[in-house]
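Reviewing the structure listed below.
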Amino acid sequence: MITITLPDGSQRQYPKESTSLDVAKSISEGLARNVLAAKVNGEVWDAMRPITNDAKLTLLTWNDDAGKSTLWHSSAHLMAEALEALYPGVKFWVGPPVENGFYYDIDLGDKTISSDDFKKIEDKMIELARQNNPYIRKAISKKDAIAYFKEKNDEYKLDLLQGLEDGNITLYQQGNFTDLCRGPHVPNTGFIKAVKLMNVAGAYFKGDEKNKMLTRIYGISFLKEKDLKEYLTLLEEAKKRDHRKLGKELELFTFSEKVGMGLPLWLPKGAALRERLVQFLQKAQVKAGYQPVITPHIGHKQLYVTSGHYEKYGKDSFQPINTPQEGEQFFLKPMNCPHHCEIYKTSPRSYKDLPLRFAEFGTVYRYEQHGELHGLTRVRGFTQDDAHLFCRPDQLKEEFCKVIDLVLYVFRALDFPDFTAQISLRDPDNKSKYIGSDQNWEKAEQAIIESAKEKGLKTTVELGEAAFYGPKLDFMVKDAIGRKWQLGTIQVDYNLPERFELEYTGSDNMKHRPVMIHRAPFGSLERFVAVLIEHCAGNFPLWLTPEQVYVLPISEKYNDYALKVSQLLKNSDIRALVDERNEKIGRKIRDTEVKKIPFMLIVGEKEEMENKVSLRKHTEGDKGTYSIQEFIDIINKEIETKMVSA
RNA sequence: GCUGUUGUAGCUCAGUGGUAGAGCACUUCCUUGGUAAGGAAGAGGUCGUGAGUUCAAUCCUCAUCAACAGCUCCA
């Protein structure tokens with residue numbers, strides 16, 4: 001007998017070689033039907049794999065990420081089986097699960113696949129799935145594995161095998177398909193009830209552009225047909241919220257080939273929205289003891305040599321601007337920090353002066369690769385809500401925690417309740433990518449980990465995701481339809497102060513080196529606005545929205561009264577416009593709804609007589625009649641409650 | 001940057017080896033209407049750009065630019 005410890009701490013006895021599925025069955029039949037895999041002593045295993053020793057066991061279902069991944073991984077194998085049946089001779093590279101589904105990289109020889117072929121492949125997959133073929137795990141020697149794939153003439157799998165250790169190699173077979181795979185998999189293909197292939201794209205063998213381009217087919221699968229439908233609805237919703245589409249429709253921003261790719265042009269409404277965000281943060285920053293500074297858009301090459309940016313990004317930047325006479329080189333500013341370091345150096349600093357907090361909405365320019373540009377989320381010129389905090393080492397944690405508070409304040413104010421903090425550390429196996437001493441890195445990483453813990457943030461840790469000069473705490477927010485976006489960032493930096501030889505005089509009258517914190521709650525205004533648009537689907541919070549109220553006269557006869565109403569609103573700092581067009585009221589309402597204007601005031605004979613307005617709310621409809629002052633109170637209250645909840 | 005797809009009116013998109021069409025938006029006129037599209041007329045494009053093939057190119061070929069998807073990258 002073996003002892004199985006379940007997540008709640010309870011222990012049960014089972015015969016040796018029992019499987020996770022046996023354990024599930026002993027708990028409930030319903031649970032057993034939903035088990036996709038199991039975590040055995042921290043390792044994800046097949047639910048059908050016999051457990052030989054005492055173990056801690058967590059059963060994994062669709063509700064667990066690892067459970068989903070297992071189903072998707074199995075689905076990749078199923079797709080491979082279907083492909084092998086439909087395209088004999090196809091060769092396989094790898095087929096892993098990804099965040100939303102799975103893919104398989106394949107080599108079709110001289111054949112091609114397009115989205116027109118998806119239906120056929122999906123149908124084949126479902127046909128195979130219905131056979132309920134078990135996924136059979138087979139441990140195999142390296143020699144036998146090589147022999148098998150040689151026989152099959154699958155050079156990619158042979159390549160993969162080279163990197164694997166003998167004694168640690170497993171094959172998985174379902175139906176007529178056998179794959180080199182470490183697993184785990186769901187018990188049988190019957191779990192896969194709904195399948196959708198999403199797209200086909202080229203992908204380099206091993207991700208190296210010098211290598212051959214393979215065909216990558218993306219798909220997703222579900223336990224229920226209903227879940228697939230829901231997923232497709234979500235995708236449609238995401239499409240509707242695409243900030244590039246809404247940005248155009250709502251006249252927020254545009255791009256021009258003439259100005260240059262990746263260089264956004266903010267239209268009046270977009271600029272107004274952005275300005276409001278800036279003012280909002282500025283106000284919060286002043287309260288938090290930040291001092292605004294302003295620095296130029298270019299900087300001398302030497303500045304970036306000192307900072308290390310030149311060495312790291314010099315070749316991949318916009319190329320230098322040369323002065324005609326002195327032949328000196330200037331670079332477009334890719335970051336604000338070197339400039340702010342120079343501001344720090346303008347006068348000798350005492351320990352009593354610290355922390356110093358320099359804030360700047362600094363526009364920076366980075367040469368992003370052609371294929372990377374994407375709407376406002378990835379651009380070549382953008383404005384960071386940047387600030388650099390210079391503090392004593394003993395102040396670091398407190399300052400860091402205060403910055404976390406500020407970031408959380410911003411997220412709450414803008415209605416992003418769901419987020420996690422990603423701690424991005426250095427890749428311990430590739431330290432040459434980074435500048436600075438091991439000691440400084442360790443201190444910085446420690447400070448971040450401790451601060452995040454102290455603030456009780458939900459964190460994940462990513463190795464190798466740090467900036468080249470220091471580790472980061474990145475905030476990953478979830479939007480209204482559950483997608484994750486990286487927004488704010490806080491970074492601890494011991495390196496730039498060293499490179500710029502920043503100092504302060506301590507209470508011991510000795511020179512000391514300050515620590516620097518880089519931080520940007522929004523990240524960049526461009527990216528933030530993009531995320532905000534998609535989050536609220538263009539229905540901005542009242543305090544941010546470019547136009548709050550449209551006054552709609554029933555006919556042109558009431559235009560004068562409408563103008564009077566709008567003027568009264570403007571006098572109360574409400575953003576109001578009159579639709580003076582010669583159109584019927586139904587038409588005006590429709591057009592205003594489409595523009596996502598929060599409030600409509602309909603005015604006609606009745607309203608003019610009584611000096612009132614008829615209120616209609618976006619998507620909600622008629623709200624009755626109010627005096628102008630009553631309406632001003634309503635809207636102000638609504639603006640205020642949004643800000644108070646902030 | 002790499003691979004693939006796309007580029008026609010302000011927007012969304014049809015279409016053809018003989019220099020172009022729809023809907024919406026726009027302009028004018030009629031209508032002055034009470035809670036999601038009133039009616040009519042009109043204006044608007046050297047079909048991304050450059051070259052080539054052809055008697056003739058928006059359409060075919062090549063190059064180039066840009067957008068989109070994926071890969072690689074992201075201070």
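Each chain gets a letter, A, B and so on, in the order the sequences are listed, and its residues count up from 1.
- Of the listed nucleotides (B:G1, B:U35, B:C74), B:C74 has the atom at the smallest distance from the side chain of A:Y313.
- Screening A:Y304, A:Y313, A:Y365 against A:P334 for a side-chain contact (heavy atoms from CB on, under 4.5 Å) leaves a single residue, A:Y304.
- Of the residues in residues 239-252 of chain A, those placing a heavy atom less than 4.0 Å from an atom of RNA chain B are A:R244, A:K248, in numerical order.
- Taking the six-membered ring where the residue is Trp, A:H300 and A:F330 present perpendicular rings, their angle passing 60° and hence far from 30°.
- Ring centroid separation for the pair A:F631 and A:Y626 does not come in under the 6.0 Å cut-off.
- Ring pair A:Y218/A:Y103 is tilted by interplanar angle, where 30° to 60° counts as tilted.
- Residue-level contact check: A:E607 touches the bases, meaning some heavy atom is under 4.0 Å from a base atom.
- Put simply, the side chain of A:R366 and the base of B:C74 share no donor and acceptor less than 3.5 Å apart.
- Stem analysis of RNA chain B (Watson-Crick or G-U pairs, both distances under 3.5 Å, runs of at least three) returns B:1-7 with B:65-71, B:10-13 with B:21-24, B:26-30 with B:38-42, B:48-52 with B:60-64.
- In summary, the side chains of A:H518 and A:D493 do present a donor paired with an acceptor at a separation below 3.5 Å, with no hydrogens or angles considered.
- Comparing A:H618 and A:P553 along RNA chain B, the residue whose closest nucleotide (by nearest heavy atom) sits nearer the 5' end is A:P553.
- Here the side chain of A:E583 is nearest to one of B:A66, B:G38, B:U72, namely B:G38.
- Comparing atom distances between the A:E556 side chain and each of B:C65, B:U32, B:C74 picks out B:U32 as nearest.
- With B:G1, B:U35, B:G70 as the candidates, the nucleotide lying closest to the side chain of A:S614 is B:U35.
- Between A:F468 and A:H309, the distance separating the two ring centers is shorter than 6.0 angstrom.
- Of the listed residues (A:F92, A:Y87, A:W93), just one forms a ring-ring contact (aromatic ring centres under 6.0 Å, His included) with A:Y104, and that residue is A:F92.
- Residue A:I602 is classed as a base contact, given a heavy-atom separation below 4.0 Å to a base.
- Here A:Y218 lies in heavy-atom contact (under 4.0 Å) with sugar-phosphate atoms only.
- Checking the phosphate oxygens (OP1, OP2) of B:A67, a side-chain nitrogen or oxygen of A:H370 falls inside 4.0 Å.
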